[in-house]
Amino acid sequence: MTHAPAMEDLPKGKGSEPRHGPVGSPRPAALKRRRRRENLAGYLFMSPWIAGFLLLTAGPMIASLYFAFTDYNLFDAPQWIGLDNFSEMFGDPRWRHSVQVTLWYVAVGTPLKLLAALGVALLLAQSRRGQAFYRAAFYAPSLIGASVSVAIVWKAIFSDDAVVDRTQKIFGIDVGGWTGDPDMIIYSLVALTVWQFGAPMVIFLAGLKQVPRELYEAAEVDGAGKMRRFWNITLPMISPVLFFNVLLETIHSFQIFSSAYIVGGGAGSNACGPADGSMVYTCYLYVQGFENSRMGLASAMAWLLLIAVALVTAVLFWSQKRWVHYEEGAR
């Protein structure tokens, strides 16, 4: 019987290394080439988004910033006029009226919408039969509420001798249609935005599901009523969700356009409602830019709106330290 030679008896040389031994680490040059290929592949997949951002967002923003300091009517070459657009804007009574209408809409419509969303979310957070159906039914208006077709239907509902007008007359209220009244048309827009409470409702509902049940049980043992449990447990626990909804809905309220434009009239002298009753900021911006062909002035108005929304957002973030309660260690 023959024995296999021991490892130390084998001849040593260049070919004596094990074929399946440990592989040495790649060279730095190979690593760089590999990372370069991976980065190139990543940028290739991102290229559609990058092109869209540069061509459809960043590019128009930079152009509008330039147009804000020019006299530009969409047909002739823009002429540099400095701050004349801003000085004319501040001296325009219709511009000041549009600011007042927008601030009133934000101050009234946003809280009412959030109150409706929170109230319905509290009801849907309880286990009941047909809960999934009710959630879908209450959320549906948020999907279609911003469409032009809904705005047309809304205008018809609140017009003279329509559903709302006839219902008011049953209770002895004869004020006519809301869309034809300069003082009432803004209330129809508020009613429309409150009707679209589905999106913040879903967010509130998700926040309510995260509140520990042990807190409510302990409060009940201590004799706390429903209102006390709501103020001392529910609101503090969902305050981050409440802050998110307040921030999001406030920004959306400043950007209202389609519903105000369609319900107000949609064209001509009454494009933003009778006697400018629904003249929100973006509606007047549209009138100046596309009906009066004053794109330079409209660009200045757009950038002023951006600055205003940024300031409001900064104030909300600053105020959250006083009323938003995060979990320990979270920000």
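These numbers come from the heavy atoms of this one structure, side chains and all, not from hydrogens, waters or symmetry mates.
- Between E220 and Y216, the side chains place no donor N or O within less than 3.5 Å of an acceptor N or O (distance only, hydrogens not considered).
- Using a 4.5 Å cut-off on side-chain heavy atoms (C-beta onward), S98 and R94 make no contact.
- Under a hydrophobic-cluster definition in which Ile, Leu, Val, Met, Phe, Trp and Tyr are linked whenever side-chain heavy atoms come within less than 4.5 Å, directly or via other members, F75 and L297 are assigned to the same cluster.
- Taking hydrophobic clusters as Ile, Leu, Val, Met, Phe, Trp and Tyr residues chained together by side-chain heavy-atom distances below 4.5 Å, L304 does not share a cluster with I62.
- When side chains are defined from C-beta on, M237 does not count as touching H325, because their heavy atoms never get closer than 4.5 Å.
- Nearest approach of R135 to L205, heavy atoms of both residues: NE-CD2, 3.4 Å.
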Point to revise | From CA spacing to verdict: ring-ring contact (aromatic ring centres under 6.0 Å, His included), F317, F243 | key: CA-CA 9 Å; F317 272 100; F243 169 74; 5.2 Å; yes
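- Under the 30°/60° scheme for interplanar angles, the aromatic rings of W80 and Y66 are found to be tilted.
- Side chains of T70 and Q79 form no contact here, defined as non-hydrogen atoms less than 4.5 Å apart.
- Using a 4.5 Å cut-off between side-chain heavy atoms of Ile, Leu, Val, Met, Phe, Trp and Tyr, with links allowed through other members, L115 and F204 fall into different hydrophobic clusters.
- Donor-acceptor pairing under 3.5 Å is recorded for the side chains of S64 and W303.
- A donor-acceptor distance shorter than 3.5 angstrom exists from the side chain of H97 to the backbone of D276, with no hydrogens or angles considered.
- Within the 4.5 Å cutoff, the side chain of L311 has heavy atoms near those of the I307 side chain.
- When atom types are taken as modelled, the side chain of T57 and the backbone of L54 share no donor-acceptor pair closer than 3.5 angstrom.
- F67 and L55 fall into different hydrophobic clusters, where Ile, Leu, Val, Met, Phe, Trp and Tyr side chains are chained together by heavy-atom contacts under 4.5 Å.
- Annotation for D160 and G176: closest pair OD1-C, 3.9 Å, computed over non-hydrogen atoms.
- For F257 and Y281, the ring centers are positioned 6.0 Å apart or more.
- For the residue pair M201 and F138, the shortest heavy atom distance occurs at SD-CB, 3.6 Å.
- Residues F86 and F69 bring their aromatic ring centres within 6.0 Å.
- Under the 3.5 Å distance criterion, with hydrogens and angles disregarded, a donor-acceptor pair is assigned to the side chains of T110 and S253.
- Ionic pairing of E38 and R33 is not present here: no N-O contact between side-chain nitrogen and carboxylate oxygen is shorter than 4.0 angstrom.
- When all heavy atoms are compared, the tightest approach of L192 to S259 is CD2-CB, 3.5 Å.
- In this structure, a donor-acceptor pair under 3.5 Å is present between the side chains of Q168 and W178.
- In plain terms, the two heavy atoms of A300 and N85 that are nearest each other are CB-CB, 3.9 Å.
- No donor-acceptor contact under 3.5 angstrom links the side chains of E249 and N245, judged on distance only.
- When atom types are taken as modelled, the side chain of N292 and the backbone of R294 share no donor-acceptor pair closer than 3.5 angstrom.
- Linking Ile, Leu, Val, Met, Phe, Trp and Tyr residues whenever their side-chain heavy atoms come within less than 4.5 Å leaves V221 and F230 in two separate clusters.
- In the model, Y284 has a side-chain atom that pairs as donor or acceptor with a side-chain atom of D92 under 3.5 Å.
- How far CZ of R36 is from CG of L40: 10.0 Å, rounded to the nearest 0.5 Å.
- Across every non-hydrogen atom of C272 and S278, the tightest pair is O-OG, 2.9 Å.
- For Q320 and Y326, the side-chain atoms include at least one donor-acceptor pair closer than 3.5 Å.
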